[in-house]
Amino acid sequence: MAEFLSLHDAVARYVQDSATVAMEGFTHLIPFAAGHEVIRQQKRDLTLIRMTPDIIYDQLIGAGCAKKVIFSWGGNPGVGSLHRLRDAVEKGWPHKVEILEHSHAAMACAFEAGAAGLPMAVFRGYIGSELPSVNDQIKFIECPFTGERLAAVPSVRPDVSIVHAQRADRQGNVLVEGIVGVQKEAILAAKHSIVTVEEIVDDLKAHPNACVIPGWAISAIAVAEKGALPSYTHGYYGRSNRFYKEWDAIARDRDTFTQWLDENVFKGVQNHAGENV
Amino acid sequence: MAEFLSLHDAVARYVQDSATVAMEGFTHLIPFAAGHEVIRQQKRDLTLIRMTPDIIYDQLIGAGCAKKVIFSWGGNPGVGSLHRLRDAVEKGWPHKVEILEHSHAAMACAFEAGAAGLPMAVFRGYIGSELPSVNDQIKFIECPFTGERLAAVPSVRPDVSIVHAQRADRQGNVLVEGIVGVQKEAILAAKHSIVTVEEIVDDLKAHPNACVIPGWAISAIAVAEKGALPSYTHGYYGRSNRFYKEWDAIARDRDTFTQWLDENVFKGVQNHAGENV
Amino acid sequence: MSLEYTSSEMMTVTAARALENGTTCFVGIGLPSEAANLARLTHAPDVVLIYESGTLQTKPDILPLSIGDGELCESALTTVAVPEMFRYWLQGGKVNVGFLGTAQIDRFANLNTTLIGDYKAPKVRLPGGGGAPEIATNAGEVFITLKHSKRAFVKDVDFVTTLGFGRDGKGRDNVPNIGKGPTRVITDLCVMKPDPDTKELVVVSLHPGVNREDVMEATGWEIRFADQLESTPEPSEKELEILRELKARTERAHTGE
Amino acid sequence: MSLEYTSSEMMTVTAARALENGTTCFVGIGLPSEAANLARLTHAPDVVLIYESGTLQTKPDILPLSIGDGELCESALTTVAVPEMFRYWLQGGKVNVGFLGTAQIDRFANLNTTLIGDYKAPKVRLPGGGGAPEIATNAGEVFITLKHSKRAFVKDVDFVTTLGFGRDGKGRDNVPNIGKGPTRVITDLCVMKPDPDTKELVVVSLHPGVNREDVMEATGWEIRFADQLESTPEPSEKELEILRELKARTERAHTGE
């Protein structure tokens, strides 16, 4: 049953050094507040899983939290590179980061398989791609009925998954609405899970088939108002496309980045997305 | 793009003799009106796929439409046997019907795999069950990462799937709400599809993550008011549990059944669920 | 106590008591559903009931006739598609207890809901497996409830639809990612549990007024009794009252159309 | 006609025209998204746009900056989970056209969005595959649009992230359940199509004011031209007006916070 904790306590309890962590949210509902808390608590050697690393992992990587990143598309959407990710991969700053890369289809299926308790996902993928030559976690199996060759990847089963959502009720049941990405899968696939929410309400007011994650399938819930900024929360606030564009200049340079981190994450506990937002 | 047809024309066009047909609806939204139209048009040698055959397949089997039934639970829910199914299997009336049986998990995964365009579904199932000894379509594969033995079944890919839903808009987009079963999967897995709906509306008024099937993924839409009776349509009318109980007596005897069929299906075009409802 | 109650009520109340508060239970239709809802309405208000129709954390006011009655969806926290139900919630390991009924059960708690007789020429064709084969292996443990009779309790089932402990009691040995299997069988006469070593079902508790002979006569093999044979506690007045109200509400709803 | 327009506009309009009304298109972010929405706002009002964020049949009023902007969800018929998007809609065979951009493309239309240089010691690390590897093989056919330059159009890509026709042009031969692959590449200079036999990209149409030398200079291999080389029709006034309005609306929305 979900416990209501402060974000500090939830991260302190469930995010251990060397853990495998998935922070999900497909463009929408990216758990920035939680990511900043992980940075503040100076977690180290994390294996970070995420389909689209986005600015949140750029920040975690630049802050030295990551040992390895498992991903399928690592860019600043519509803007360009993730400079901290590139600096780590290309030049080893602040230290070398290992990467393991997949396609979106592979990772989406791997999250699905993780939620489904399976050791692997099977799909029709990677045909003609050279990704299998650089990722030994991509294998191929044969369909016993048709003989067709299908791709297989290990399921995603993180030690802890962290997502942001619109709201929870007082029993800890959580409503996710809009672009739901692989958030439900991330939660169900993980040993532990933290959900940050905009607010706690008496009644979720959910549609009969809404994406609701029961409280008993979640470890901890923490309120983090505007916890997804500069990404967005459908029904609450919009995406700060401006900040995404500004991030390019901030992250391009090690000093500017470090200064931003100091001012906005280490000192700016209450302002998750930074002064620039 | 979905065409708006009469139920007669939709069935005449898409349900061919010897076709593989899935009529889905997990207790809820069972397409009885369409099933009765198939009986009236005296379709023959159908391979009928359905997780829970229910009264609808009892009627089709008794009416002589079925050559084979693929299913996972063939009873009258909460009441007892499907007497027409049993009579066909045990005594060959009105003719012998072949059966291929699975578990629910297998069929649910097989519908999922069919919708996903895969030749097979992989899941953790059938452990210790003797079903694999009587169903040669159950095989086992080995996970290339863990060595675990997992079950595999062929995906469901019907010639035509038929489901009932709450409503369609004028572009043929369909809203399914409540217990959604494997209806979306059935439609997406099939070569052709017929959706019967309670009504056509200007605006579906759907939630952002509602189960909406786009018109371009459907072959034909036919209005069939109360088309799910004696099962039910969430938000429109309830299940006739009384009729489900009465069916036991009707179906137990060949003559009573034949008489019921004559009076309520062959003659009772407008009254899909029968006089008894 | 000198309450009047039927053996069916005794069975349902005992089955209900087996479910602890807070347990997540995948509920079969019929007797398991009756017991699980009685548990929810008495000592286990936070028991989480899941039905294979996709209804998650449902709190029906009346007992469903089918596994997918509207009541289940309307009172659920949310309703998911059936593939998701079997993949994420059952196979994903979120279910503590699978609560099943059956037509036939043998001494190793294997269940048969497929047929009586030979598969190719069945004497009686039963509904089939439904959700049971994977509920029994993917749930943390399994409770089984059914009426005691020689027809139902057989030495060897005609067909193993659903694994208890296999035809030799070793069916779960060395199988990875499998639940504990049946941990108790609740009938209208007694409660049975598998022997820790052989996995053969053993009577651990007799219901009030039932003696060993009653059970032996209703069981198709030489049934064993635990050394410390207990007497099942009687239903309380409150449990009986709530059960009877539940059944009356249900009866009214199902016949009233 | 003597309309003024840029080569970028020419590219977008030509790419848009490639999409027929009623087509179901899986849209990549950036240039493909711009072209696909222009098509929807001009000649193809019933084109169905699908983005990998799960937004199905979406009709954004402004161009999304990211693949999952709120606008995409708000204007969609419905929004599904990302696994469903890739499994049911893409892999399930519901997509007629996959519309992709790329960083590098080679003569067999293989795409590289992974890195420049060596994998172990990259000169430039690019974002990676994203949806492209499976869009390119599971969609009925693939359109590609990008700016023409020697850096982008190389004889052999540094890394085949996404299959065009393989390093030898035979990468799709005898592969079951695979789409036709790239059927056209639209740049700011020309339109290319694969040779029916060798699958090598061939220029089939030059944009107005562009000559063969311009294309040869911007292409990293000895580019061939079709025997019947056509001249790409100019954008219409209406297309330009709608495109410029769309871009202006988008610019206002993305900078206005």
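So you know, we letter chains A, B, ... as the sequences are listed, proteins then strands, and number each from 1.
Remark: side-chain polar atoms of B/Lys96 are paired, donor with acceptor, to backbone N or O of B/Val89 under 3.5 angstrom. No donor-acceptor distance shorter than 3.5 angstrom exists from the side chain of C/Asn96 to the backbone of C/Gly140, with no hydrogens or angles considered. Formation of a donor-acceptor pair under 3.5 Å by the B/Tyr126 side chain with backbone atoms of B/Ser103 is found in this model. The main-chain N or O of B/Asp54 is never found under 3.5 Å from a side-chain atom of B/Tyr244 such that the two would form a donor-acceptor pair. Judged purely by atom type and a 3.5 angstrom limit, C/Ser75 uses its side chain to pair as donor or acceptor with the backbone of C/Lys59. B/Ser231 places a side-chain N or O within 3.5 Å of a backbone atom of B/Ala228 that can act as its donor or acceptor partner.
Of the residues considered (C/Thr162, C/Leu115, C/Asn138, C/Leu126), C/Asn138 shows the highest number of contacts with chain B, using heavy-atom pairs under 4.5 Å. Between chain B and the options C/Pro64, C/Ala81, C/Gly166, heavy-atom pairs under 4.5 Å are most frequent for C/Ala81. With chain B as partner, the option from C/Ser66, C/Gly129, C/Pro176 having the largest number of non-hydrogen pairs under 4.5 angstrom is C/Ser66. Of the listed residues C/Thr137, C/Thr161, C/Leu90, the one with more heavy-atom pairs under 4.5 angstrom with chain B than any other is C/Thr161. Interface summary for chain B: among C/Gly131, C/Ala76, C/Gly171, the most heavy-atom pairs under 4.5 angstrom belong to C/Gly131. When each of C/Ser33, C/Gly128, C/Pro127 is scored by its heavy-atom pairs under 4.5 Å with chain B, the top score falls to C/Pro127.
Both the backbone and the side chain of C/Asn177 come within contact range of chain B, with heavy atoms under 4.5 Å apart. For chain B, the nearby parts of C/Ser53 are the backbone and the side chain; heavy atoms of each come within less than 4.5 Å. With a threshold of 4.5 angstrom between heavy atoms, B/Glu185 approaches chain C through side-chain atoms but not through N, CA, C or O. Interface remark: C/Arg167 contributes side-chain atoms only to the contact with chain B (heavy atom separation under 4.5 Å). Interface remark: C/Leu65 contributes backbone and side-chain atoms alike to the contact with chain B (heavy atom separation under 4.5 Å). Both the backbone and the side chain of C/Phe159 come within contact range of chain B, each with at least one heavy atom under 4.5 Å from a heavy atom of that chain. Looking at C/Lys120, there are no atoms closer than 4.5 Å to chain B (heavy atoms on both sides), in backbone or side chain. Within the 4.5 angstrom heavy-atom criterion, only side-chain atoms of C/Ile178, from C-beta onward, approach chain B. The contact between C/Asp69 and chain B is made by backbone and side chain atoms together, counting heavy-atom distances below 4.5 Å. Neither the backbone nor the side chain of B/Met107 has a heavy atom closer than 4.5 Å to any heavy atom of chain C. There is no contact between B/Phe111 and chain C, counting heavy-atom distances below 4.5 Å. With a 4.5 Å cut-off on non-hydrogen atoms, C/Val160 touches chain B through its backbone and its side chain both. Proximity to chain C is limited to the side chain of B/Lys245, based on heavy atoms less than 4.5 angstrom apart. Of the atoms belonging to C/Gln91, heavy atoms from both backbone and side chain fall under 4.5 Å from chain B. Within the 4.5 angstrom heavy-atom criterion, atoms from both the backbone and the side chain of C/Glu52 approach chain B. Heavy-atom distances place both the backbone and the side chain of C/Val124 under 4.5 Å from chain B.
Taking the ring centre of B/Phe71 as origin, the terminal cationic atom of B/Arg50 falls outside the region bounded by 6.0 Å and 45° from the ring axis. Figure legend: C/Arg87 and B/Phe123 shown without cation-pi pairing, the cationic atom not lying both under 6.0 angstrom from the six-membered ring centre and within 45 degrees of its axis.
Between C/Lys123 and B/Glu90 no salt bridge is recorded (no basic side-chain N to carboxylate O distance below 4.0 Å). Using a cutoff of 4.0 Å between basic side-chain nitrogens and carboxylate oxygens, B/Glu101 and C/Arg125 are scored as salt-bridged.
Defined by atom type and a distance below 3.5 Å, a donor-acceptor pair is missing between the side-chain atoms of B/Trp247 and B/Asn76. Under 3.5 Å, the side chains of B/Glu177 and B/His207 contain no donor-acceptor pair of N or O atoms.
Within a 6.0 Å sphere centred on NZ of C/Lys155, other residues, nucleotides and ligands contribute 12 heavy atoms or fewer.
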